[in-house]
Amino acid sequence: MQHITAIGFDLFETLITVENLRREEAVGRLMQTLKSSGLAIADETFFPIYRAAARRFMEAAQHDGKETHNRFWVSTALQELGHDVQPDDPRIALAVETYFSAFVDYAAPIPGTVEMLTTLKGKYRLGLLSNLTHAPAALRIIERLGMAPFFDVVLVSGQLGYRKPHPRVFLALLEQLGTPKEHTAFVGDNLDVDIRGAQQAGIQPISMNYVQAQKALEAQGLADSLPPATPDVPTITHWQDLFTLLHTADSSFKI
């Protein structure tokens with residue numbers, strides 16, 4: 001690693017988890033809000049149609065890199081059920097807010113995350129770059145968990161119109177951080193989205209596998225079981241590992 005002056009972070013499964021949230025609960029909140037708004041829908045018919053619509057929109061987004069939004073998923077599902085409801089209908093906006101309230105409620109920081117950000121603040125420019133269709137939810141999560149003040153830059157795909165690994169979002173991160181790509185690192189958990197996306201943008205990727213390691217421990221019950229590291233990419237499991245990497249790259253770094 002070259003001398004690093006700025007660090008970008010992914011959000012989900014890098015800084016936080018929502019591991020106790022079942023998608024059925026989030027969609028349940030959405031459906032209940034739609035019904036409370038006067039739309040006659042049945043859970044057993046709406047749920048599979050909504051999930052199928054979401055899958056189609058997300059596959060298209062992954063193909064061309066352009067972000068989608070849940071309001072289109074909801075509108076499409078309702079229209080397939082015979083309701084003439086457009087994506088900008090206020091009833092859909094309310095339902096989407098309620099859907100994401102579950103993510104806000106269940107979000108929890110990965111152990112040591114706030115302490116890690118506290119240590120790095122002031123030593124590095126810090127940025128957040130998250131794939132989330134509804135940007136206000138990401139902003140509420142980091143605010144509720146006390147992380148917002150640490151970031152010099154907060155970018156969410158729902159605001160940008162494109163999602164990782166599209167080069168536009170990494171370019172936007174570099175522009176707002178104001179640092180050259182050679183001296184910028186990006187920490188994320190997803191090989192295709194975070195690691196390869198950063199590499200293609202010329203940014204130093206760092207693979208965070210804390211969540212993968214925890215899942216491996218739970219599945220196998222082995223205290224020394226870890227997922228394989230990504231070849232040729234620095235891999236960390238705990239934030240102390242990040243400090244070690246930064247110390248190696250910059251002898252002036254102090255914990």
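Side chain to side chain, Gln79 and Ser75 meet the donor-acceptor criterion of an N or O pair below 3.5 Å. Side-chain contact, Thr5 with Thr179: no donor N or O sits under 3.5 Å from an acceptor N or O.
Here the rule is side chain to side chain contact (heavy atoms under 4.5 Å, CB included) with Leu128, and of Asp152, Leu155, Ile142 only Ile142 fits it. The side chain to side chain contact (heavy atoms under 4.5 Å, CB included) with Val187 is formed by just one residue from the set Ile236, Asp194, Ile195, Asp10; it is Ile236.
Ion pair Glu175/Arg125 not flagged as a salt bridge, since none of the NZ, NE, NH1 or NH2 atoms sits closer than 4.0 Å to an Asp/Glu carboxylate oxygen. Ion pairing between Glu67 and Arg168 fails under the 4.0 Å rule for side-chain N and carboxylate O. Salt-bridge annotation for Glu24 and Arg51: absent, with no side-chain N of the basic residue lying under 4.0 Å from a carboxylate O of the acidic one. Look at Lys66 and Asp64 and you find no salt bridge, because none of the NZ, NE, NH1 or NH2 atoms lies under 4.0 Å from a carboxylate O.
The backbone N or O of His3 sits less than 3.5 Å from a side-chain atom of His183, completing a donor-acceptor pair. Side-chain atoms of Thr17 never come within 3.5 Å of backbone atoms of Glu13 as a donor-acceptor pair (strictly under, hydrogens ignored). Side-chain atoms of Lys181 do not come within 3.5 Å of backbone N or O of Ala198 as any donor-acceptor pair. A distance-only check finds a donor-acceptor pair linking the side chain of Asn190 to the backbone of Val193 [under 3.5 Å].
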Donor-acceptor pairs under 3.5 Å, side chain of residues 33-42 to any protein atom, not counting sequence neighbours: which ones?
{"residue": "Thr33", "atom": "OG1", "partner": "Arg29", "partner atom": "O", "Å": "2.9"}
{"residue": "Thr33", "atom": "OG1", "partner": "Thr98", "partner atom": "OG1", "Å": "3.2"}
{"residue": "Lys35", "atom": "NZ", "partner": "Asp43", "partner atom": "OD1", "Å": "2.8"}
{"residue": "Ser36", "atom": "OG", "partner": "Gln32", "partner atom": "O", "Å": "2.9"}
{"residue": "Ser36", "atom": "OG", "partner": "Gln32", "partner atom": "NE2", "Å": "3.4"}
{"residue": "Ser37", "atom": "OG", "partner": "Thr33", "partner atom": "O", "Å": "3.0"}

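Summarising the geometry, atom CZ belonging to Phe151 is positioned 11.0 Å from atom CG belonging to Leu139; distances are rounded to the nearest 0.5 Å. The CG atom of Leu160 sits 11.0 Å away from the CZ atom of Phe170 when rounded to the nearest 0.5 Å. Considering CD of Gln204 and CZ of Phe186, their distance stands at 12.5 Å, rounded to 0.5 Å.
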CA sep, side-chain torsions, deciding dist, call: Arg140, Glu97, salt bridge (charged side-chain N to carboxylate O under 4.0 Å, His left out): CA-CA 11 Å; Arg140 284 198 295 273; Glu97 288 289 346; 2.9 Å; yes
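Checked against the 6.0 Å centroid threshold, Phe100 and Phe103 count as a close aromatic pair.
Annotation: side-chain hydrogen bond (donor to acceptor under 3.5 Å, both in side chains) contacts of Asp189 (sequence neighbours excluded): Thr14.
The aromatic rings of His69 and His134 sit perpendicular, their planes meeting at an angle over 60°, well past the 30° parallel limit.
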